[in-house]
Amino acid sequence: MTKTLPTAIRLFFGLVLVLLAACNNFQPSITQQSEIVTDAEVDRSELAIHVRPADRLHTPPKALLYPMWIREQLPERLELGRQMGRVLHGLWAGELLFPTLAYDERMVFHGRDKALDEARRRGADLLILPIVPYIYTGGSVDDTAMTLQLEIYDTKSRQLIFSMLQAGRMEFQRNKDWILWVSRTRMPDSPLYAIIRALGRDMAVPLASWLPPFDPRMLGYATNSQEIVDGLTRKNTAGLDLTSTDLAREIGATQGDTARRVFLKVEFDVDKSFIRPQYTGILDELGQALNSPELKGKKVTIIGHTDSDASDQYNMALSHRRSASVRDYLTKKHGIDPKLLLTDGRGEREPLVPNSSPANKQLNRRVEVRLVE
């Protein structure tokens with residue numbers, strides 16, 4: 001019996017190791033203990049919504065997001081709040097939560113009234129104030145926790161229209177030795193940022209149910225010849241005119257600014273500049289618009305854009321070839337003078353939205369048409 005017991009134990013643990021090997025987070029080793037690695041998760045409290053609008057918003061708002069205001073007297077809390085606000089802004093911009101969301105990390109919170117005055121001066125409809133009542137950062141050697149309070153104000157009425165509160169924590173766990181293997185919990189590079197993203201995603205859910213559904217035209221996309229004419233003659237079909245506000249200058253030419261430019265959904269095969277047949281319809285609409293009384297004889301620039309896949313140099317050359325294909329199509333099919341059709345390529349350098357998801361990459365793969373002033 002004493003001879004068979006060690007063999008049975010070895011067979012048992014061998015079977016366990018075989019089963020663990022099927023796991024993606026199992027790292028076998030012959031010379032030392034194997035490891036079972038588990039990614040640390042964010043423990044979150046229930047999202048408490050204290051104030052929310054009764055009805056859904058129908059007009060796309062322009063929002064100004066302040067850096068996070070940390071109430072505790074921490075060293076360099078202003079810089080930390082700027083970095084935390086940048087994470088929240090990047091998350092919501094990537095998810096296209098707000099059609100226009102500006103973030104100026106130079107701003108410092110000096111009270112609600114002054115923040116409302118600043119947002120109103122910059123042309124924002126909404127003021128978003130992220131406040132941190134509690135924060136503890138343990139890095140990779142201790143727990144990290146924070147509480148986020150989000151307040152959204154209407155800049156015209158100065159009324160609080162959204163108020164939410166949620167707490168998040170990432171617990172640091174030491175390695176557990178199980179003789180044949182070690183169980184290790186892997187912490188992210190920045191647990192604090194992981195908590196912000198988790199809380200930001202939870203808070204985005206009620207916000208998305210309140211905001212109007214996303215319309216690609218908010219980014220300057222046109223779907224027919226009339227929208228192309230309107231976009232190139234500064235008639236904003238999406239109802240946004242930000243060209244005279246500070247908010248527009250902060251956002252740049254990426255969100256909400258459709259002055260004398262339009263974007264067209266024209267996609268190509270991978271590594272090809274040949275126009276797919278299903279996208280010739282929108283190019284026919286472009287040809288009709290350029291032959292309209294409002295635009296006939298005027299010069300435009302056709303600019304190709306790509307997502308971030310492949311190298312920058314490769315994408316730059318590819319975007320030039322694709323814009324040339326559009327020019328050739330308009331010349332042959334619609335008889336437009338090639339001297340009126342300039343071409344350019346920007347590659348991946350001017351994304352509309354972060355290349356953080358397949359849907360965002362699709363928005364960045366586009367053809368832009370600009371009226372030459």
Side-chain angles (χ1 to χ4, degrees), residues 60 62 99-100 214-245 247-249 251-268 273-306 316 318-353 362-373:
K62 303 183 289 290
T100 302
F214 174 72
D215 186 347
R217 288 183 298 169
M218 303 306 300
L219 297 176
Y221 273 85
T223 60
N224 55 55
S225 60
Q226 188 57 55
E227 290 177 1
I228 295 173
V229 172
D230 291 343
L232 295 180
T233 56
R234 285 184 178 171
K235 295 178 181 178
N236 194 327
T237 59
L240 283 179
D241 183 9
L242 301 179
T243 56
S244 61
T245 66
L247 195 63
R249 287 190 288 273
I251 299 170
T254 58
Q255 296 185 30
D257 179 9
T258 59
R260 295 191 181 274
R261 74 175 70 201
V262 292
F263 300 132
L264 305 178
K265 182 177 174 58
V266 180
E267 295 188 10
F268 302 79
S273 58
F274 177 76
I275 300 170
R276 293 181 184 177
Q278 61 264 42
Y279 295 109
T280 57
I282 187 60
L283 293 184
D284 290 335
E285 295 289 334
L286 174 59
Q288 182 179 343
L290 295 179
N291 282 322
S292 67
E294 296 92 337
L295 295 174
K296 189 172 182 62
K298 294 185 177 181
K299 187 179 294 186
V300 298
T301 301
I302 302 169
I303 305 172
H305 296 271
T306 69
M316 184 65 68
L318 183 61
S319 63
H320 275 280
R321 295 199 302 270
R322 289 176 172 176
S323 63
S325 295
V326 174
R327 176 201 59 197
D328 295 343
Y329 181 88
L330 294 173
T331 299
K332 297 176 182 178
K333 180 71 179 292
H334 294 274
I336 299 175
D337 188 346
K339 295 180 180 179
L340 299 176
L341 302 175
L342 308 180
T343 61
D344 194 5
R346 304 296 170 83
E348 63 185 76
R349 299 183 181 181
E350 296 182 6
L352 279 175
V353 293
Q362 181 175 333
L363 287 172
N364 288 330
R365 295 193 300 267
R366 67 199 188 277
V367 171
E368 178 182 352
V369 182
R370 290 187 184 183
L371 186 68
V372 177
E373 301 289 349

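Just so you know, residue 1 is the first one in the sequence shown, and it goes up from there.
- Residue Glu294 holds its CD atom at 8.0 Å from CG of Asp230, rounded to the nearest 0.5 Å.
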Residues 338-345 side chain polar contacts: donor-acceptor under 3.5 Å, at least two apart:
residue : atom : partner : partner atom : Å
Asp344  : OD2  : Arg346  : NE           : 2.9
Asp344  : OD2  : Arg346  : NH2          : 3.1

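- For the pair Gly304 and Ser319, the tightest heavy-atom approach, listed with the atom from each and the gap, is O-CB, 3.4 Å.
- Taking the side chain as every heavy atom from C-beta outward, Glu227 and Glu285 never approach each other to under 4.5 Å.
- Here CE of Met316 is found 12.5 Å from CZ of Arg321. Values are rounded to the nearest 0.5 Å.
- Minimum heavy-atom separation, Thr233 to Val229: OG1-O, 2.6 Å.
- Atoms CG and NZ, from Leu232 and Lys298 in turn, are 9.5 Å apart once rounded to the nearest 0.5 Å.
- Using a 4.5 Å heavy-atom cutoff, the side chains of Ile228 and Val369 are not in contact.
- Rounded to the nearest 0.5 Å, atoms CD (Glu350) and OG1 (Thr306) are 11.0 Å apart.
- In this structure, Lys299 and Leu371 approach most closely via the heavy-atom pair O-CD1, 3.7 Å.
- Counting only N and O atoms by type, the side chains of Asp284 and Gln288 include no donor and acceptor under 3.5 Å apart.
- Using a 4.5 Å cut-off on side-chain heavy atoms (C-beta onward), Arg370 and Ile303 make contact.
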Review point. Run the side chain to side chain contact (heavy atoms under 4.5 Å, CB included) check on Leu286 and Val262 step by step: do they pass?
Key: CA-CA 10 Å; Leu286 174 59; Val262 292; 5.6 Å; no
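- In this structure, CG on Leu330 lies 6.0 Å from CG on Leu283, to the nearest 0.5 angstrom.
- Side-chain contact of Glu368 with His305: a donor-acceptor pair under 3.5 Å is present, judged by distance alone.
- Nearest approach of Tyr221 to Arg366, heavy atoms of both residues: OH-CB, 3.4 Å.
- At a threshold of 4.5 Å between non-hydrogen side-chain atoms, the residues His334 and Leu290 do not count as touching.
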